[in-house]
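Reading through the structure tokens given below for one structure.
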Amino acid sequence: MKRLGVNIDHIATIRNARGENHPNIYKAAKYVLKCGANSITIHLREDRRHITDNDLKTISSNKKIPLNLELAANRNMLKIALKRKPNYVCIVPEKRNEITTEGGLNLKKNLSKLKNIVYKLKDNRIRTSLFINPNIRDIYISKDIGADCVELHTGKISRLIKNDKNIKNEYSKINKCSKLAHKLGLEVHAGHGMDYDTAKLLSKIDEIKEFNIGHFIVGESIFFGLKKTIKKFLSICK
Ligand code: PXP
């Protein structure tokens, strides 16, 4: 059984379209858990385009909500994380003009900064994950940085599946990286662009312990509701 984390950023996007408080993010976080999800993911972006500081404050103040906070690797975000103390942090790369997180972290370029941030988060008992592309070198570097987990970027394989293209190489990379990371003692997560088909395929890799899924769940819930959509993912995760 894999855990399912639901990213609710896109619910905040709908809320922000009207500048009011509907749909309410705190209510959404609680409802997603009631539907059976294992945790909530929110990404506090530097431009605050969806999740706001107040959303983070409200959700993190309820310690019954298992919260995974995605954030960029910088001093300001670290300060916020240490103040709000989410259960988990996933460090992600962030570019101001991107529509969504386009790729994994450049670990080599940011080595000492990441080491420092991971050390401080772990020192505050926050489980820390690095969002990386599925390549072997980055698994070894993640271990060296001292992360608890790696989250493998599944954007490429998701796109290949959606376009009916050959997935053999990408699947093999994700599989090999998952096995190596597990062997090195890193917990393996997967996320980005995932839908039912990607989840079914990646469910075959035992070493992956958690999926983090957002856009597809919120989109699909327009037709079937959050409850049915989350339940369907949970049955795939089994
Ligand atoms: N995991 C990480 C680290 C992400 O940055 C995102 C996107 O915010 C997701 C998972 C979820 O991606 P999607 O919304 O495409 O399911």
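Taking a 6.0 Å sphere around NZ of K162, one finds it holds more than 12 heavy atoms contributed by other residues, nucleotides or ligands. The number of heavy atoms from other shown groups lying within 6.0 Å of NZ (K179) is above 12. Heavy atoms of other residues, nucleotides or ligands lying less than 6.0 angstrom from NE2 of H10 number more than 12. Around atom NZ of K63, more than 12 heavy atoms belonging to other residues, nucleotides or ligands sit under 6.0 Å away.
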Report the C-alpha separation of L130 and E151 in whole Å, then their side-chain angles, then the decisive distance to 0.1 Å, and conclude whether the side-chain contact (heavy atoms from CB on, under 4.5 Å) test is met. CA-CA 6 Å; L130 298 172; E151 179 159 331; over 6 Å; no
side-chain contact (heavy atoms from CB on, under 4.5 Å) evaluation trace for V92 with C90: CA-CA 6 Å; V92 299; C90 180; 4.1 Å; yes
Any chance you could lay out the side-chain hydrogen bond (donor to acceptor under 3.5 Å, both in side chains) test for N169 and K173, step after step, and finish with the verdict? CA-CA 6 Å; N169 273 352; K173 274 194 207 168; over 6 Å; no
Full working for salt bridge (charged side-chain N to carboxylate O under 4.0 Å, His left out) between D55 and R48: CA-CA 10 Å; D55 294 331; R48 309 296 195 269; over 6 Å; no
Ring pair (Phe, Tyr, Trp, His ring centres under 6.0 Å) evaluation trace for H153 with F131: CA-CA 7 Å; H153 196 299; F131 192 38; 4.8 Å; yes
CA sep, side-chain torsions, deciding dist, call: E70, I42, side-chain contact (heavy atoms from CB on, under 4.5 Å): CA-CA 6 Å; E70 289 178 3; I42 55 176; over 6 Å; no
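A donor and an acceptor atom, one from each side chain of K120 and N116, are located under 3.5 Å apart. When only modelled atom types and interatomic distance are considered, N62 and Y26 share a side-chain donor-acceptor pair under 3.5 Å.
Using a 4.5 Å cut-off between side-chain heavy atoms of Ile, Leu, Val, Met, Phe, Trp and Tyr, with links allowed through other members, Y119 and L82 fall into different hydrophobic clusters. Cluster membership check: V118 shares its hydrophobic cluster with L152, using side-chain heavy-atom separations under 4.5 Å among Ile, Leu, Val, Met, Phe, Trp and Tyr.
With salt bridges taken as basic N to acidic carboxylate O contacts below 4.0 Å, one links D144 and K115. Between K200 and D195 there is no salt bridge, since none of the side-chain N atoms of the basic residue sits less than 4.0 Å from a carboxylate O of the acidic one. The pair R49-E94 fails the salt-bridge criterion, with no side-chain N (NZ, NE, NH1 or NH2) lying under 4.0 Å from an Asp/Glu carboxylate O. Electrostatic pairing of E187 and R3 counts as a salt bridge here, judged by a charged N lying under 4.0 Å from a carboxylate O.
Judged purely by atom type and a 3.5 angstrom limit, S178 uses its side chain to pair as donor or acceptor with the backbone of I174. Judged by distance alone, the side chain of N38 and the main-chain N or O of L4 form a donor-acceptor pair under 3.5 Å.
Considering every non-hydrogen atom in both N74 and I117, the closest pair reads N-CD1, 3.8 Å. In plain terms, the two heavy atoms of I208 and L202 that are nearest each other are CD1-O, 4.0 Å.
Checking each of L44, N68, I126 against P86 for a side-chain contact (heavy atoms from CB on, under 4.5 Å) leaves exactly one that passes, namely I126. No option in I230, I217, V6 other than I230 meets the side-chain contact (heavy atoms from CB on, under 4.5 Å) test with C35.
By the 30° and 60° cut-offs, the orientation of the rings of F216 relative to Y196 is perpendicular.
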